[in-house]
Amino acid sequence: MSNGHYIFEGHDTVDLAQKYGTPLYVVSQDKIARSVNTIRAAFATHGITDYRINYAGKAFLNIAMCKIADKLDLDLDVVSGGELYTALAAGFDPKRITFHGSNKSWQEMKEALGAGVGTITIDSITEIDILNEAAKQLGIMQKVHLRLSPGVEASTHEYVQTGRVDSKFGIPISMSTRAARRVIDCSNLNLQGLHCHIGSQIYSPKPFEIAANAMIETVYNIKEMGVELSELNLGGGFGINYLQDEPGIDVDTTIGTMASVINDQVSQLGIKMPKIIVEPGRYIIGPAGITLYTVGIVKEIPFIRKYVSVDGGMTDNPRPALYGAVHNAALANKYDMEKNDLVTISGKCCETDTLIKDILLPAVELGDIVVVFNTGAYNYAMSSNYNRICRPSVVLLSGDKDELIVKRDTYEQIARNDVVASWL
């Protein structure tokens, strides 16, 4: 702490708020690197040498983040033409890009094929023939994975359970051999792997164990069809600690569990050990980000509630409104003071817009700086201009350096796509 201020990765957050204005996203490159190194150490500990870490761009993506991923030797998952464009604009090697998505448009398929992406993950049986036709028109033999729903119901919010049989994502595992045969019979698709993603914010290794077991069994079934797969992507979903008393996932235990299941199954079934791929996004970027706000109105309703209104809200953090997500926060300029003021932090949108309900803070005053923790994932990525509010800047920290990597919106940018009908 410095002058009672909250210090994030060696930087005084009050100074950052004064320098760049609020609301402000702050991202630490050093924390990103530490999370990646934790995953790498777990693979090394458990003897898996043939693996890749794919950074899931949907959690947080811009040109600077693509360059960070490249520096850390991460591969990249994209789920739209816009994310692909961003990666290519950053100079990211397309061979290290995997293109996902449950409803890829014809145009997006052609863009991904034309860019030479390393892998396209097929999300439905319907997609197989469409992708094959696109690849045929371009004269491309495309490496693909099949995304399967292994029927694992992870203990997480129903909106982020993605591995259930009843899910818009993936092909039910009971239909995996049918889908594999369809791909194998395609002239321009090369089936090299399987993919699953069972959900987000998972803390227990058990769901990963069940999924890994089911996926290896499917690798074996496809080998019996005459095709030996070389890659197995077990997805992401590693849970992070949003609250101080909430456990984050033990990455070493989780990867150790995966490794044990895979090694046992490979040995028993007599199949080749596939390259293991994981695709954490939130785990890598979530704890690396914070958001800074300035307190405006403090409104106390006697004997009911004290509202602290900040200069951001659901436009820069829609997770509480969408998922009932809960974050922890503090006053950055009074970080070491006693917390005896029970307040609700609300945003400025013309909605209920509650960011955090019932949190103890030091006595709050106009002009105080609120810091909300663990906002690196799905905050900037899901931000909007609702109420025509400008989206915040993003500042990157590295060592003692701080620089903008995303500029704050302007009013002109918000209105730039507006057109006036000829009769107005």
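Just the heavy atoms: all of them, side chains too, but no hydrogens, waters or symmetry mates, feed the values below. Since the structure is predicted, the reported quantities are computational estimates derived from the model, not experimental observations.
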Assess the pair [X] and [Y]: is the distance between their ring centroids shorter than 6.0 Å?
X    : Y    : result
Y242 : H327 : yes
Y378 : Y323 : no
F238 : F208 : yes

Of all the heavy-atom pairs spanning [X] and [Y], show the shortest one and how long it is.
X    : Y    : result
P205 : T257 : CB-OG1, 3.7 Å
I198 : P150 : CG2-CG, 3.8 Å
F8   : G289 : CZ-N, 4.5 Å
P318 : N379 : CD-O, 4.4 Å
Y55  : F60  : OH-O, 2.6 Å
E108 : F99  : CB-CZ, 4.0 Å

Between [X] and [Y]: side-chain donor-acceptor atoms closer than 3.5 Å:
X    : Y    : value
D311 : T22  : yes
Q201 : Y203 : yes
H197 : N233 : no

Handout entry: Steps toward side-chain contact (heavy atoms from CB on, under 4.5 Å) verdict (L322, M382)
Key = CA-CA 11 Å; L322 283 175; M382 298 174 76; 3.2 Å; yes
Nearest 0.5 angstrom please: [X] [atom1] to [Y] [atom2], how far?
X    : Y    : atom1 : atom2 : answer
S393 : I405 : OG    : CD1   : 10.5 Å
I7   : D15  : CD1   : CG    : 7.5 Å
N317 : T291 : CG    : OG1   : 6.5 Å
L194 : T121 : CG    : OG1   : 10.5 Å
L131 : S124 : CG    : OG    : 10.0 Å
T119 : Q142 : OG1   : CD    : 7.0 Å

For the side chain of [X] and the backbone of [Y], is there at least one donor-acceptor N/O pair under 3.5 Å apart?
X    : Y    : result
T86  : G82  : yes
T13  : Y6   : yes
S383 : Y380 : yes
T45  : A41  : yes
N188 : N132 : no
N333 : D368 : no
T344 : D358 : yes
K348 : G313 : no
D93  : K95  : yes
R96  : L74  : yes

Do the non-hydrogen side-chain atoms of [X] and [Y] ever get within less than 4.5 Å of each other?
X    : Y    : result
L76  : L61  : yes
T315 : S384 : yes
C66  : L88  : no
H100 : F169 : no
I128 : C186 : yes
I53  : I284 : yes
D129 : E133 : no
E217 : L269 : yes

Exercise for the section: In sequence, state the C-alpha distance, the side-chain angles, and the governing distance for C390 and I414, and then conclude on side-chain contact (heavy atoms from CB on, under 4.5 Å). Expected result: CA-CA 7 Å; C390 294; I414 292 173; 3.7 Å; yes
Check each of [options] against [X] using the side-chain contact (heavy atoms from CB on, under 4.5 Å) test, and report the only one that passes.
X    : options                : value
V27  : V395, I285, T375, L397 : I285
L229 : L146, I271, I222, T218 : I222
L361 : I345, V295, V308       : I345

Whether [Y] and [X] form a salt bridge (side-chain N of Lys/Arg under 4.0 Å from carboxylate O of Asp/Glu) is what I want to check.
X    : Y    : answer
D73  : R52  : yes
K168 : D123 : no
K58  : E83  : no

For [X], does the [atom1] atom sit with more than 12 other heavy atoms under 6.0 Å from it, leaving out its own atoms?
X    : atom1 : result
Y85  : OH    : no
I297 : CD1   : no
R305 : CZ    : yes
K272 : NZ    : yes
E224 : CD    : yes

Completion exercise
Given the options K110, K104, E111, Q107 meets side chain to side chain donor-acceptor pair (under 3.5 Å) only with E111
Handout entry: D50 and M273: CA distance, side-chain angles, deciding distance, side-chain contact (heavy atoms from CB on, under 4.5 Å) verdict
Key = CA-CA 9 Å; D50 191 12; M273 170 67 81; over 6 Å; no
Exercise for the section: Go through the steps to decide whether D316 and Y293 satisfy the test side-chain hydrogen bond (donor to acceptor under 3.5 Å, both in side chains), and finish with yes or no. Expected result: CA-CA 11 Å; D316 58 76; Y293 302 101; 2.4 Å; yes
Practice task
Kindly write out the residues that satisfy side-chain contact (heavy atoms from CB on, under 4.5 Å) with E231, not counting sequence neighbours, or none if the list is empty.
Solution key: K143, H145, K275, I277
Exercise for the section: If the plane angle is over 60° it's perpendicular, under 30° parallel, otherwise tilted; pick one for F43 and Y51. Expected result: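 Because their plane-to-plane angle is under 30°, the rings of F43 and Y51 count as parallel.
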Problem - salt bridge (Lys or Arg N to Asp or Glu O under 4.0 Å) contacts in which one or both residues fall within residues 17-37, not counting sequence neighbours - result: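 Residue pairs with at least one partner in residues 17-37: E9-R34, K19-D402.
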Handout entry: Derivation of the side-chain contact (heavy atoms from CB on, under 4.5 Å) call for T98 and V117
Key = CA-CA 6 Å; T98 296; V117 300; over 6 Å; no
